[in-house]
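All ligand and atom numbering here is 1-based and tracks the order in the structure.
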Amino acid sequence: MNNDKWKRLIPRRTFLSSGLIATGSLVLGGASHTNVAIAATKRLGAGKINLNALKSNFGFKGAVLSSADSGFEAAAFGELWNKLQPKRHPQVIAQVTDEQDVVAAVKFARANKLKVAVRGGGHNWCSPSLRNNGLLIDLTQLNKVISIDPTARKAILQPIVSNREIQAALNPHGMSFPSGHCPQVKLSGYLLSGGMSWNHGVWGPGVGSIEAIEIVNSKGNMITASATKNPDYFWAARGGGPGFFGVATRYHLKLYPLPQAITASVYYYPYESIIELAQWLGPRASQLPSSVELSLFVVQAPPDLAEKARSSNGKVALVTATVFADSPDAAKSTLSLLDSYPLLDQCLRKSVAQPTNFEALFDASGALWPSNLRSKVDAMFYNAPLADLLRATKDHLLMAPPKTVFLSVVYTGKNRPPATPPDAAFSMTGALYGGPWTMWDSAADDAKNVSWHEECVQLLKPHIAGHYVAETDTVGHPEFARLSYKPANWKRLAELREKHDPEGLFFDFSNGLS
Ligand SMILES: Cc1cc2nc3c(=O)[nH]c(=O)nc-3n(C[C@H](O)[C@H](O)[C@H](O)COP(=O)(O)OP(=O)(O)OC[C@H]3O[C@@H](n4cnc5c(N)ncnc54)[C@H](O)[C@@H]3O)c2cc1C
């Protein structure tokens with residue numbers, strides 16, 4: 001897109017108020033409407049900015065882009081996972097090359113009274129890394145696994161390492177880590193948000209296996225946070241997500257022995273019988289060990305089952321169960337429970353107790369959540385019976401856009417729901433996790449699919465115990481950020497932000513979004 005077209009995309013109010021000129025000097029203007037944002041902008045003040053000083057005075061080594069630069073649009077929007085993209089954008093993007101560049105960018109922002117947003121992998125569904133105005137610190141190049149120590153069961157890595165990359169680095173050492181499910185997603189924002197992980201029932205959420213985090217704070221100091229050092233930061237970073245008031249530059253992780261017999265079963269059932277299926281499956285969850293990841297999906301039928309799903313508008317019910325076991329016999333015996341479903345003869349296709357590995361699990365998840373789609377996502381926790389979620393949504397799901405995934409993770413084990421770490425901002429849990437991942441291709445379908453999605457969330461509302469900050473629309477519904485925390489944790493997060501970032505250097509959950 002040429003520069004003129006790009007400028008037309010920027011709301012006129014924002015473009016004028018940001019006062020951009022091609023020489024790289026600009027005047028800060030506040031385009032945000034919330035009271036909090038206005039207050040924060042006032043505290044930061046406004047002034048003239050010489051972008052060249054980021055390199056000459058602060059020693060920044062990476063690329064610096066203002067919105068007058070030709071590469072700006074690609075840098076701001078190109079790597080965002082969700083192709084349903086907002087128009088809001090920063091004034092400046094600083095693409096760091098190392099941790100010292102993060103320090104330089106933060107100090108420059110402070111000196112020039114620019115608010116700061118952080119881009120990890122750009123995978124958050126509602127793109128909170130894009131804010132109106134301010135400086136965006138892009139961490140894309142902080143992408144190294146620094147060390148793996150299989151004997152001590154520890155690893156240190158920079159944030160832009162994907163789920164697939166971390167397992168590929170660890171598994172050959174016989175080690176693993178509770179990474180997320182989809183191959184491309186980066187640990188960066190995943191580990192700051194909570195981390196709904198593979199083998200969650202045994203290993204817990206990703207944040208539970210962080211031993212320390214290296215952080216650049218709002219003063220531009222590099223600090224290490226752990227249970228004993230800078231514990232406020234350690235608490236807030238493990239769950240603060242898009243509301244965290246620092247830049248995480250290295251994660252120190254605790255590792256686990258790689259389960260030797262990861263094994264999976266998959267069953268497709270007719271959509272018509274999904275309530276009966278859910279009624280049976282829900283109560284089975286506590287009979288399965290917590291090493292089983294059990295899910296019930298509503299998806300479009302694969303091509304070989306399309307004809308059989310014609311009467312349900314192409315929808316089928318899909319049950320997947322993955323056990324992180326150490327022996328094939330134990331895995332088989334555990335998964336055999338799913339073959340005792342009284343309506344098993346209705347099964348359209350099944351694959352029972354097949355050996356698998358992280359590579360194959362990522363391929364399967366990647367196929368359900370492909371790249372380059374437009375999407376609206378709200379994933380929530382519930383304590384309702386599984387069948388109640390399906391009763392509430394069954395008719396509506398028949399009309400789901402074809403690429404949509406409706407997922408219910410049914411936590412297993414005697415002690416479900418899974419515990420959250422006692423000393424972290426991440427505090428929401430439930431017996432079930434999931435909701436609609438509404439996905440589609442064409443901009444022409446935006447309005448109707450957004451409306452379908454919003455109605456789906458409304459139908460689920462009576463059953464929702466809480467939201468998950470990394471997979472819910474905290475931009476469209478700012479209250480979903482608050483609903484992602486226990487009230488005491490939400491309050492403490494705000495208090496710690498005020499204590500450690502009193503000038504409001506970092507955008508919080510809601511500044512700069514409108
Ligand atoms: C296909 C797909 C599958 C997913 N599967 C899972 C899953 O299985 N489990 C799960 O828990 N989540 C899952 N997610 C959600 C994902 O973990 C979050 O969206 C997460 O924020 C992605 O990290 P990111 O670095 O790409 O975030 P970004 O979009 O880059 O950043 C989001 C926000 O996080 C903050 N942030 C990110 N990195 C840093 C940092 N280093 N320092 C300071 N602030 C930072 C910033 O405030 C930023 O605005 C999935 C997302 C997608 C797209």
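Of the protein's heavy atoms, G189 CA, 3.6 Å lies nearest to atom 37 (C) of ligand 1. With hydrogens left out, the protein atom closest to atom 9 (N) of ligand 1 is M196 O, 2.9 Å, a heavy atom. Shortest contact from atom 28 (P) of ligand 1 to any protein heavy atom: G122 N, 3.5 Å. In this structure, atom 47 (O) of ligand 1 lies nearest to the protein heavy atom P242 CA, 3.3 Å. The shortest contact between atom 43 (C) of ligand 1 and any protein heavy atom is with G246 O, 3.2 Å. Nearest protein heavy-atom neighbour of atom 5 (N) of ligand 1: E471 OE2, 3.9 Å. Among protein heavy atoms, the minimum distance from atom 42 (N) of ligand 1 is reached at A248 N, 2.9 Å. The shortest contact between atom 35 (C) of ligand 1 and any protein heavy atom is with G241 O, 4.1 Å.
The residue F507 has no part lying near ligand 1, judged by heavy-atom distances below 4.0 Å. Residue-level proximity to ligand 1 for L192 is carried by the side chain, the only part with a heavy atom below 4.0 angstrom. In N124, the parts holding a heavy atom less than 4.0 Å from any atom of ligand 1 are both the side chain and the backbone. When heavy-atom distances to ligand 1 are checked against a 4.0 Å cut-off, T249 has no atom that comes that close, whether in backbone or side chain. Heavy atoms of W81 found under 4.0 angstrom from ligand 1 belong exclusively to the side chain.
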### Verdict with reasoning, R238 to D423, per salt bridge (charged side-chain N to carboxylate O under 4.0 Å, His left out)
CA-CA 9 Å; R238 291 174 307 134; D423 56 347; 3.6 Å; yes
### Message
Apply side chain to side chain donor-acceptor pair (under 3.5 Å) to residues S179 and Q167 and explain how you reach the verdict.
### Response
CA-CA 8 Å; S179 76; Q167 299 295 355; 3.1 Å; yes
### Message
Run the side chain to side chain donor-acceptor pair (under 3.5 Å) test on D446 and W440 for me, step by step, so that the C-alpha distance in whole Å, both residues' side-chain angles and the decisive distance to 0.1 Å come before the verdict.
### Response
CA-CA 8 Å; D446 285 355; W440 66 97; 2.9 Å; yes
### Query
salt bridge (charged side-chain N to carboxylate O under 4.0 Å, His left out) between D101 and K61: does it pass, once the steps are laid out?
CA-CA 6 Å; D101 269 357; K61 301 178 287 298; 3.3 Å; yes
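Of all atoms in ligand 1, numbered sequentially from 1 with element shown, those under 4.0 Å from a heavy atom of K186 are 23 (O). Close approach of ligand 1 to H181 is summarised as follows: ligand atoms under 4.0 Å from at least one heavy atom of the residue are 7 (C), 8 (O). Short contacts between ligand 1 and G180, defined as distances under 4.0 Å to a heavy atom of the residue, involve ligand atoms 8 (O). Within ligand 1, the atoms closer than 4.0 Å to a non-hydrogen atom of A470 are 15 (C), 18 (C), 19 (O), numbered from 1 in the order shown. Per-residue contacts place L139 under 4.0 angstrom from the following atoms of ligand 1 (heavy atoms of the residue considered): 40 (C), 41 (N).
Checked by distance only, ligand 1 and G120 come closer than 3.5 Å through their nitrogen or oxygen atoms. Ligand 1 has an N or O atom lying under 3.5 Å from an N or O atom of S129, backbone or side chain. For a threshold of 3.5 Å applied to N or O pairs, the pair formed by G121 and ligand 1 contains at least one separation below that value. In terms of polar-atom proximity, F244 is not counted as a contact of ligand 1, lacking any N or O under 3.5 Å from an N or O of the ligand.
When C182, G366, S188 are ranked by how near their heavy atoms come to atom 38 (N) of ligand 1, first place goes to S188. Across the listed options Y190, Y251, F426, W125, W125 owns the non-hydrogen atom lying nearest to atom 52 (C) of ligand 1. Taking all heavy atoms of H123, R119, E79 into account, the minimum distance to atom 53 (C) of ligand 1 is reached by H123.
In this structure the side chain of R164 reaches within 4.5 angstrom of the side chain of E359, judged on heavy atoms. In this structure, the side chains of I210 and L253 come closer than 4.5 Å at one or more pairs of heavy atoms. Proximity of W369 to M439: side-chain heavy atoms (C-beta onward) are separated by under 4.5 Å at one or more points.
Ring orientation note: the planes of H181 and W198 are tilted relative to one another, at an angle of 30° to 60°. In this structure, F480 and H477 have parallel ring planes: the angle between them is below the 30° cut-off, well short of the 60° mark. The aromatic rings of Y233 and H500 lie tilted to each other, with the angle between the two planes from 30° to 60°. Aromatic ring orientation, F108 versus F58: perpendicular (interplanar angle above 60°, classes split at 30° and 60°).
For the side-chain contact (heavy atoms from CB on, under 4.5 Å) test with Y468, the passing option among S193, S484, P205 is S193; the others fail. When each of L397, T404, T393 is checked for a side-chain contact (heavy atoms from CB on, under 4.5 Å) with V298, only L397 meets the rule. Tested against R250, the residues T224, L142, I146 include a single side-chain contact (heavy atoms from CB on, under 4.5 Å) partner, I146.
In this structure, F506 has no heavy atom closer than 4.0 Å to ligand 1. Residue contacts with ligand 1 leave out A117, since none of its heavy atoms falls under 4.0 Å from the ligand.
Looking at S209 and Y256, their side chains do bring a donor and an acceptor atom within 3.5 Å of each other.
Other residues, nucleotides and ligands contribute more than 12 heavy atoms inside 6.0 Å of the NZ atom of K144.
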